[in-house]
Protein chains: 2
Amino acid sequence: MPRLADVAKASKVSPAIVSRVANGDRSLKITAETRRRVEQAIREMGYRPNRAAQSLRSAQSGFIALAVHDITNPVYGEIARGAGAAAARIGKALVMSDSSEHEAETAHLPETVPDTLVDLVGGHGVDGLILQANGGASDQVLALAAREKTPMVVLQADIGIGDQVVLLPDEQAARLATGHLIGLGHTRIGCLATNPGLTFTGARIAGWRRTLEAHGLRHDDTRVVHAPATIAAGADAAATLLARSGDITALVCCNIVPAIGAMMGLTERGYRVPDDISIAAIHDIPMAPFLKVAMTTVAMPLFEMGVAAVEALAGCGPGDGGPVRIIDTEPRLIVRASTGRA
Amino acid sequence: MPRLADVAKASKVSPAIVSRVANGDRSLKITAETRRRVEQAIREMGYRPNRAAQSLRSAQSGFIALAVHDITNPVYGEIARGAGAAAARIGKALVMSDSSEHEAETAHLPETVPDTLVDLVGGHGVDGLILQANGGASDQVLALAAREKTPMVVLQADIGIGDQVVLLPDEQAARLATGHLIGLGHTRIGCLATNPGLTFTGARIAGWRRTLEAHGLRHDDTRVVHAPATIAAGADAAATLLARSGDITALVCCNIVPAIGAMMGLTERGYRVPDDISIAAIHDIPMAPFLKVAMTTVAMPLFEMGVAAVEALAGCGPGDGGPVRIIDTEPRLIVRASTGRA
DNA sequence: CTCGCCCGTTAAAACGATTTACATGACGAT
DNA sequence: ATCGTCATGTAAATCGTTTTAACGGGCGAG
């Protein structure tokens, strides 16, 4: 309610001084006495700068948009939390853009749905954009962001857009899972991979392959199968893989969602987990311990990835400069019931 | 990039006309020819109004803040999706405020964390506030919102703040779960309730109690136990309840999270689910079918609650007017393996 | 004694869209 | 022919903050 001018009047100085005091401007000098008086007035009146006016003047909205598929997915939720925390640290707020809402929306009503993200990006409503690699935003948003030169960070994969890419320690995670299975005596290990062509898919397969290679074990393409990150796809893919290479005794899954599908599908087909087949999956989720068979997972630094994405936008934090940041927090193997001795 | 004035110049009219055309102002009349020329210029130049300028002039930011505990929780995620969809429909964007991030943050660095939500509410940065009943926002935010007269909607419980409250069909959900268990022949049914004193807790217990009452079954307080919404608390509470009333054969859980705890805890103690004890829980989550014992649940209209919260803020949609909206979408019973015949 | 200079402060001009109050024009009516 | 009126369009003020350019006063140096 109180404006800058009100504070100025109350403390008998010009608005300019109040602005300087409020922003802690160090360049111009202000008498200690004046500063004290202004600060007191600010406190007493509970003055807070009007964001719209600040934005207009500074051409900075103070908002960062995070576009993910489905905020309901705990993996994305964790990223959002990290991004939110980091954004708060630099005085910015996070705008949620869940692309799944669009589908729900359009399914609901046939009329044209206004795309909030388009308006936001087009109208200088956001200072930066964090995108999920595969489809966090529409082409229109991308085009607009390019025209407006809105800084853009892409998560998980280098798909040729954005100023920077933030990656997880994908290869290492896959190495961890694979190494664990080898340690349990498994020698015929399959890989249930995510969608082909994406950076993280490649890195995880590489982790699996190189670990097997280092132990002199077989790692040919016939033991890799791709599936989108859904339960049903995981079940199908696992069935396909085992039909093709029946001698496999363990599975490294590049994502826990299809891993759950694999676990359920294989169980239904009469395989016992882990007696007949061990499953280790990348991404730990809170429910992992409570699944039909508690899942052995590799916890990824998702929170840190959210933090890094915001830091990349802000141009600060470690890894400053390069176009690619790989989160250096170690992935963590969490052994549960789904993996056992060969 | 192009401003209103640019479009005006290009289409050889005054800025006022462009503004009217852009906003579809019907009050003043504009020649069809002029309108056409302006619309074409807008399209060709890809003009989009600057949000900051609009906000400043109109005192409306176009943002709504949604404050929840933990966006990672699929229950809140679903609410967020609904709110996001409804907000998009009225041209507003959703700002995420996850209170868990503050904890994570402060745990991380000792320095004072700027509270984004405080700045936002204090600086007219949001047009409305949607709060999780138990602690979605700090007292400071609440005080500020009151002073600024920021419209406020509280979810799930009437805790004496906010202009409106949005509730789920809580009693009915509990009736559904309890009725299902009675239908399976259970007569001694306990209630694992959520935190006491909250509207939804009361309503769910009432649903349990009245359903038992209607069937002439016992429903005294010794069969009710309260637990916060965590796995560990659920395990403890279930153990407590069974120690107290050992003859219970079924459990209605007011929240699926402690229900999972109950399931795990009881299993560890040698009870078999559902053979020794059946469990039905309120809130369906995507993982429910894949838990150690697939959980029988009651799916709540969470998406709809998110929609309703935004509609309440906007003063539109059904239920317009009253201070309390109860979502009228029916809860849905989903029978799985955790409930069996008595 | 006066000229310049630094210091703290202030006045005023942005930022871009909206809207009120006013101007211009045409046209019909008297 | 003159006035009134309605239909279009325009000029200018406004929202609140930031920032640049200017301003007065005090003081040291010439």
Side-chain angles (χ1 to χ4, degrees), chain A residues 1-39 41-42 45-62 91 119-127 148, chain B residues 1-39 41-42 45-62 91 119-127 148:
Chain A
M1 190 64 181
R3 294 159 309 154
L4 186 66
D6 299 330
V7 178
K9 212 176 301 171
S11 46
K12 304 212 187 303
V13 293
S14 76
I17 297 291
V18 181
S19 173
R20 294 226 185 77
V21 172
N23 298 350
D25 191 330
R26 315 283 302 133
S27 69
L28 266 306
K29 305 226 163 186
I30 294 174
T31 319
E33 157 62 11
T34 309
R35 159 166 282 126
R36 197 198 52 71
R37 225 175 45 240
V38 172
E39 277 172 348
I42 289 181
M45 311 181 68
Y47 165 75
R48 278 167 193 286
N50 180 308
R51 309 251 323 183
Q54 282 186 318
S55 298
L56 179 56
R57 182 62 228 235
S58 66
Q60 292 254 325
S61 68
D119 286 345
L120 239 38
V121 173
H124 294 99
V126 295
D127 299 337
E148 301 291 337
Chain B
M1 192 61 183
R3 293 161 309 152
L4 185 65
D6 298 330
V7 177
K9 212 176 301 170
S11 46
K12 303 211 188 303
V13 292
S14 77
I17 298 291
V18 180
S19 174
R20 293 223 185 79
V21 172
N23 298 351
D25 191 329
R26 313 284 301 134
S27 70
L28 264 308
K29 306 224 161 188
I30 295 173
T31 318
E33 157 61 13
T34 309
R35 159 165 281 126
R36 197 198 52 70
R37 224 176 45 240
V38 173
E39 279 172 346
I42 289 181
M45 311 180 69
Y47 166 74
R48 279 169 192 284
N50 180 307
R51 307 249 326 179
Q54 284 184 318
S55 297
L56 180 56
R57 180 66 226 237
S58 66
Q60 293 254 325
S61 68
D119 286 346
L120 238 37
V121 173
H124 294 99
V126 294
D127 300 337
E148 302 290 339

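Values in this document were obtained by computation on a predicted structure and should not be read as measured data. Below, chain A is the first sequence line, B the second, and so on; all start at residue 1.
Protein atom CD of Gln60(B) is 18 Å distant from nucleotide atom P of dA17(C), rounded to whole Å. Computed from coordinates, the His124(A) NE2 to dG16(C) P distance equals 8 Å when rounded to whole Å. Distance CZ (Arg35(A)) to C1' (dT9(C)): 14 Å, rounded to an integer number of Å. Atoms CD (Gln54(B)) and C1' (dT19(C)) sit 14 Å apart, rounded to a whole Å. The NZ atom of Lys9(A) sits 20 Å away from the P atom of dT9(C) (whole-angstrom rounding). As rounded to whole Å, 14 Å separates atom C1' of dA12(C) from atom CG of Leu4(A). Here the P atom of nucleotide dT19(C) and the CG atom of Leu56(B) are 13 Å apart, to the nearest Å.
Taking 4.5 Å as the limit, some side-chain heavy atom of Leu120(B) sits within range of a side-chain heavy atom of Arg51(A).
If you check every strand for non-hydrogen atoms under 4.0 Å, Arg57(B) touches a base. Backbone-only contact: Thr34(B) has heavy atoms under 4.0 Å from sugar-phosphate atoms and none from a base.
Dashed line: the shortest gap from a side-chain N or O of Tyr47(B) to OP1 or OP2 of dG16(C) is not under 4.0 Å.
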Does the pair Asp119(B) and Arg48(A) meet the rule for a side chain to side chain contact (heavy atoms under 4.5 Å, CB included), with working shown? CA-CA 7 Å; Asp119(B) 286 346; Arg48(A) 278 167 193 286; 3.3 Å; yes

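Of the residues in residues 15-24 of chain B, those placing a heavy atom less than 4.0 Å from an atom of DNA chain D are Ala16(B), Ile17(B), Arg20(B), in numerical order.
Ionic pairing of Glu39(A) and Arg36(A) is not present here: no N-O contact between side-chain nitrogen and carboxylate oxygen is shorter than 4.0 angstrom.
Residues Met45(A) and Ala10(A) come closest through the heavy atom pair SD-CB, 3.8 Å. Heavy-atom minimum distance, Val18(B) versus Ala8(B): CG2-CA, 3.6 Å. Looking at every heavy atom in both residues, Ser55(B) comes nearest to Ala52(A) through CB-CB, 3.5 Å. When every heavy atom of Asp127(B) is checked against every heavy atom of Gly62(B), the shortest pair comes out as OD2-N, 2.7 Å.
For the side-chain contact (heavy atoms from CB on, under 4.5 Å) test with Ile17(A), the passing option among Val38(A), Thr31(A), Val7(A) is Val38(A); the others fail.
A donor-acceptor contact shorter than 3.5 Å links the side chain of Ser58(A) to the backbone of Gln54(A).
The span of DNA chain D lying next to chain A, judged by atoms under 4.0 Å from heavy atoms, is bounded 5' to 3' by dG16(D) to dT20(D).
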